[in-house]
Amino acid sequence: MRMLAYILRKEFKQIFRDRLILVFMTVAPLGQLLILPLATDYEVRNVHVAVVDHDHSVQSRALIDEIAHTSSFKLVQYASSMKQIMLAIEDNNVDVGIDIPVGFGKGLGNGVPQTVFMAVNAINGMKANVGAAYLTSVINDFGVETAITMHPELRQQAGLSVESMSLFNPHMDYRAYMVPGILALLLTMIAVYLTALNIVREKEIGTIEQINVTPIKKLQFIAGKLIPFWLMGMLLFVMGLILIRVFYNIQPVGSTTLLIGFAATYLVAVLGLGLLISTIAETQQQAMFISFFFMLIFVLLSGLLTPISSMPEWAQVVTRFTPIRYFIEVMRMVVLKGSTLYDVRFHLLAVVGFALFFNGMALMLYRKTSR
Amino acid sequence: MTSAAIYVENLFKRFGKFTAVDSISFDVQRGEIFGFLGANGAGKTTAMRILCGLLAPTSGKAVVAGYDVSTQVEQVKRNIGYMSQKFSLYEDLTVFENITFYGGIYGLTTNQLAEQRSELIERLSLQSETHSLVRSLPLGWKQKLAFSVAMLHHPQIVFLDEPTGGVDPVTRRNFWDMIYDAADRGTTIFVTTHYMDEAEYCNRVSIMVDGRIAALGRPRDLKTNAGVATMDEVFYQLAREAKRGAE
């Protein structure tokens, strides 16, 4: 225990002495937490719409007005021909172009079905899909409303309509979904990189050899390395939770204690991964590349950016071996749904498994006497 | 055999196809200053790392401070000090903190540590630099500090791997004064060097060539046997027989 105390004291001194690293393990990730969610926004808004009105009737103007006043759309151009719109689409200035034909208003008045031509810029598939679908529904609604205004008796013929309600995130606030996940990712990166690089650095400068020639137990050395980073990680996580409460007004529906407890376990697992990398890598450069390799998989397969359920079967299998996946899921479950320990018990079990595996492997591979 | 500080018999180390240490045998007496010479790549550092328990031998026997390096490696580590070729103190810690850390992990009590620390700082005249980062010290001071730190726990044997590399002649002389002091207090010194004047300071030297010990004895005897006047010439005669190049 006394030996461990000496190691801990030394590690903390080194952490606090390296100002740059200190900033990058605390202030920088929290800053990223504030800025990144603003960028990773999948909500479709600002769909740029251009119209060609060949009709110039009351109805065509009303339709254009309707579109212009819908918050997701931005009317950017009144074009004189569809050709002009196509050019604008090619320049990526317009997402959807609409062509209102001659006789549109008159036809509507006479109850003749009218066709509006729509050209969609499909470069950004997501925006195109959602934008076009939404625009279609706006146009349909307009058609129905116009029909009802002119023929009130139609209102009696009840149509079928679907009302949807969003559970857990009623306002479909994208940030409430992204921010907890981003916090989980930042914590993971800090934990893996710092541990891996710190130990490999001792290999590079040769101090680890001096440590290996002392009677210190390898468990003491490893604990001396992991405990400070674990504490720093927990501090970062708690500060992150406070920050997202203050800045994004995201208050976990579930228990904050559960989140902290889960993060505490999860950190042991990812610190173990960093440790494992450090036993394999001989130089900081190698450690960086190995960490980077894992990090890329973590980012893409964690479910942070794309739902795991829509990944191909093989990718879904891979995600099961990605520890961050469980943490992000639990973050979202507890923050948005208020899940309890019982709900996340299998996630916890998986993370405990990773912790045992990574740390066990690292302990096995770390040798005070090489072969 | 039990009286020897270091006893080595047919020590052999192979990395893949490369034989780094080729069945060497020798012993070092307690309190002796033993010079371990050889050209670059002759296998000195490998042999030394085996004796310190940092590297497992492929075969053969080595007993250090009465403990077998293959089976009692932790006891070996408790009884030796080691100063590696690479500078091994923490440059981002102060003199005070380095001493405290290494003393602490060698299991010195708080009192012993305080006593050792002030004694060491006084001996090296580092009073004004106690709370300076080690990074800011001149190389010679760093080396002396590293040696003293390796001696903090009063090891029976201290292993020094090219301790005076890159150090000026005056500091080198000071360094050897420290080595003599330690030897006078009964510590066995096992030292590698490329400086032949330093070889003359040793009680006995061995010269490694291609993983084998080509010569072993008192510097005076080695010179007489070779019929030359200086250790430089002894070394040159043996080293030019080497088949393998420098690492």
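Every chain is numbered from 1 and lettered A, B, ... according to where its sequence line falls, protein lines coming before strand lines.
- Figure legend: B:Lys13 and B:Phe15 shown as a cation-pi pair, the cationic atom lying under 6.0 angstrom from the six-membered ring centre and within 45 degrees of its axis.
- Within the 4.5 angstrom heavy-atom criterion, atoms from both the backbone and the side chain of B:Thr110 approach chain A.
- If you run side chain to side chain contact (heavy atoms under 4.5 Å, CB included) between A:Phe358 and each of A:Ile277, A:Leu276, A:Leu275, only A:Leu276 comes through.
- In this structure, chain A has no heavy atom under 4.5 Å from any part of B:Ser70.
- Salt bridge status for A:Glu209 with B:Lys86: absent, with no side-chain N to carboxylate O gap under 4.0 Å.
- In this structure, A:Met239 and A:Leu30 have side chains that are in contact, with non-hydrogen atoms separated by less than 4.5 Å.
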Test log, rule side-chain hydrogen bond (donor to acceptor under 3.5 Å, both in side chains), inputs B:Tyr82 and A:Asn212: CA-CA 10 Å; B:Tyr82 172 64; A:Asn212 286 342; over 6 Å; no

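- For B:Phe87, the part lying under 4.5 angstrom from a heavy atom of chain A is the backbone only.
- Contact annotation for A:Arg9: only side-chain heavy atoms (C-beta onward) come within less than 4.5 Å of a heavy atom of chain B.
- When the heavy atoms of residues 260-271 of chain A are compared with those of chain B, none of the residues falls under 4.5 Å.
- No other option in B:Glu91, B:Glu97, B:Gln75, B:His153 has as many heavy-atom pairs under 4.5 Å with chain A as B:Glu97.
- For the pair B:Asp22 and B:Arg212, the salt-bridge criterion is met [side-chain N within less than 4.0 Å of a carboxylate O].
- When the heavy atoms of residues 225-235 of chain A are compared with those of chain B, none of the residues falls under 4.5 Å.
- Using a 3.5 Å distance cut-off with no hydrogens or angles, the side chains of A:Glu202 and B:Tyr90 do pair a donor with an acceptor.
- Of the listed residues (A:Gln220, A:Arg367, A:Lys13, A:Lys217), the greatest number of heavy-atom pairs within a distance under 4.5 Å of chain B belongs to A:Lys13.
- Looking at B:Leu108, only its backbone comes within 4.5 Å of chain A, counting heavy atoms on both sides.
- Using a cutoff of 4.0 Å between basic side-chain nitrogens and carboxylate oxygens, B:Glu119 and B:Arg123 are scored as salt-bridged.
- In this structure, OG1 in B:Thr164 is found 5.5 Å from OH in B:Tyr195, a value given to the nearest 0.5 Å.
- Remark: aromatic rings of B:Phe36 and B:Phe159 are distant, center separation not under 6.0 Å.
- Contact check for B:Asn10 versus B:Lys61: no side-chain heavy atoms found under the 4.5 Å cut-off.
- If you measure heavy-atom distances from A:Glu204 to chain B, the contacts under 4.5 Å come from the backbone alone.
- With a threshold of 4.5 angstrom between heavy atoms, B:Leu89 approaches chain A through N, CA, C or O but not through any side-chain atom.
- B:Asp92 has no carboxylate O lying under 4.0 Å from a charged side-chain N of B:Arg135, or vice versa, which leaves the two without a salt bridge.
- Partner of B:Leu37 under the side chain to side chain contact (heavy atoms under 4.5 Å, CB included) criterion, chosen from B:Thr193, B:Val191, B:Ile213: B:Thr193.
- Here B:Phe190 and B:Phe34 bring their ring centres to under 6.0 angstrom of each other.
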